[in-house]
Amino acid sequence: MRRLVFIVPLLLTLGCRMDPRQRIVGNWIVDQKKTVIPPTPMPGAEERVKKVLATVSVKFSTDGTAIFSGPVPIEGTWTYTEGTVKLVPKDKALLSRLPLGIQDISFTVDEEFKNLSWKPQTPFGEIVLVMIKTG
């Protein structure tokens, strides 16, 4: 019985630390090994896209703000709902400046909160951009 009195509060404390939002907070960068780019009819395009994607990072802050760094820097807010992190730009017009007609920045979170996947549709197919947390 005494063990239960000790174990139950410990489990409750650990459970409180597992807030999904807290697990998202931090800096995320592109994992080039897991990122998939669809083939294009233009020679060298895949390598150019990979170079651009290598510059992408996202910082999710505890106050609900986010900074998307890459070809078009975007500041905004973020929300987490049922396995999805959505970045909402302060200036929605910036979305129109993203390459390849991308109009949404929503990440799927894996079960272990180790990877964020963004799957924007492009004229050549779906890019699978996988991000890993660095801090």
Side-chain angles (χ1 to χ4, degrees):
M1 184 67 174
R2 286 185 178 176
R3 285 187 180 164
L4 281 178
V5 170
F6 176 74
I7 292 174
V8 170
L10 177 64
L11 290 175
L12 289 173
T13 302
L14 290 174
C16 292
R17 289 186 196 167
M18 300 310 238
D19 175 15
R21 287 183 46 86
Q22 288 299 86
R23 296 177 79 179
I24 300 298
V25 169
N27 299 309
W28 296 77
I29 61 168
V30 173
D31 183 340
Q32 290 281 357
K33 293 178 184 174
K34 294 179 183 175
T35 295
V36 179
I37 299 167
T40 67
M42 297 174 288
E46 185 175 334
E47 287 307 313
R48 286 192 302 275
V49 170
K50 281 185 179 181
K51 280 185 178 182
V52 169
L53 293 179
T55 69
V56 173
S57 65
V58 182
K59 179 180 181 179
F60 297 104
S61 298
T62 56
D63 64 359
T65 59
I67 299 172
F68 177 91
S69 300
V72 178
I74 297 175
E75 292 184 31
T77 58
W78 67 278
T79 57
Y80 173 81
T81 308
E82 299 177 20
T84 301
V85 178
K86 183 169 180 82
L87 193 153
V88 179
K90 284 182 191 175
D91 181 357
K92 294 192 183 4
L94 288 175
L95 286 176
S96 65
R97 294 181 42 210
L98 287 173
L100 304 172
I102 295 167
Q103 293 297 308
D104 180 55
I105 305 175
S106 292
F107 300 92
T108 303
V109 183
D110 71 357
E111 290 180 13
E112 297 174 351
F113 285 78
K114 291 186 178 182
N115 297 297
L116 298 179
S117 298
W118 182 33
K119 299 179 180 179
Q121 292 294 324
T122 72
F124 305 107
E126 181 180 76
I127 292 175
V128 179
L129 183 91
V130 179
M131 303 190 81
I132 55 174
K133 192 170 184 180
T134 62

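Predicted model, so just to flag it, every value in this text is computed and none were measured.
- Side-chain N or O atoms of R23 include none that pairs as donor or acceptor with a backbone N or O of K114 at under 3.5 Å.
- Taking Ile, Leu, Val, Met, Phe, Trp and Tyr as hydrophobic and joining them when side-chain heavy atoms fall under 4.5 Å apart, one finds I67 isolated, its cluster having no other members.
- Ring-centre distance between F68 and W28: not below the 6.0 Å cut-off.
- V128 and F124 fall into different hydrophobic clusters, where Ile, Leu, Val, Met, Phe, Trp and Tyr residues are linked whenever their side-chain heavy atoms come under 4.5 Å apart, directly or through other members.
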Throw together a table of side-chain donor-acceptor distances under 3.5 angstrom for residues 32-46, partners on residues two or more places apart or in other chains.
{"unit_1": "Q32", "atom_1": "NE2", "unit_2": "K50", "atom_2": "O", "d": "3.3"}
{"unit_1": "K34", "atom_1": "NZ", "unit_2": "N115", "atom_2": "OD1", "d": "3.4"}
{"unit_1": "T35", "atom_1": "OG1", "unit_2": "D31", "atom_2": "O", "d": "2.9"}
{"unit_1": "T35", "atom_1": "OG1", "unit_2": "V130", "atom_2": "N", "d": "3.4"}
{"unit_1": "T40", "atom_1": "OG1", "unit_2": "M42", "atom_2": "O", "d": "3.3"}

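- Note that CG of D19 and CD1 of I24 are 9.5 Å apart. Values are rounded to the nearest 0.5 Å.
- No side-chain heavy atom of T108 sits less than 4.5 Å from a side-chain heavy atom of L116.
- Between S61 atom OG and N27 atom CG the span is 8.0 Å, to the nearest 0.5 Å.
- Atom OG of S57 is separated from atom CE of M131 by 6.0 Å, given to the nearest 0.5 angstrom.
- The side chain to side chain contact (heavy atoms under 4.5 Å, CB included) test applied to T55 returns P71, not counting sequence neighbours.
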>> Under the criterion side chain to side chain contact (heavy atoms under 4.5 Å, CB included), I'd like the reasoning laid out for I29 against V56: C-alpha separation, chi angles, the key distance, then a yes or no.
In response: CA-CA 6 Å; I29 61 168; V56 173; over 6 Å; no
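- Counting only residues at least two apart or on different chains, the side chain to side chain donor-acceptor pair (under 3.5 Å) pairs with a member in residues 123-135 are Q121-E126.
- Side-chain contact between P20 and F113: present, with at least one pair of heavy atoms (C-beta onward) separated by less than 4.5 Å.
- Taking the side chain as every heavy atom from C-beta outward, V30 and I132 never approach each other to under 4.5 Å.
- Chaining together hydrophobic side chains whose heavy atoms lie under 4.5 Å apart leaves V88 on its own.
- The salt bridge (Lys or Arg N to Asp or Glu O under 4.0 Å) pairs that include a residue from residues 60-82 are E75-K90, where partners are two or more places apart or lie in different chains.
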> side chain to side chain contact (heavy atoms under 4.5 Å, CB included) between R21 and W78: does it pass, once the steps are laid out?
Replying inline: CA-CA 10 Å; R21 287 183 46 86; W78 67 278; 3.9 Å; yes
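- Between V85 and F60 the shortest side-chain heavy-atom distance falls below 4.5 Å.
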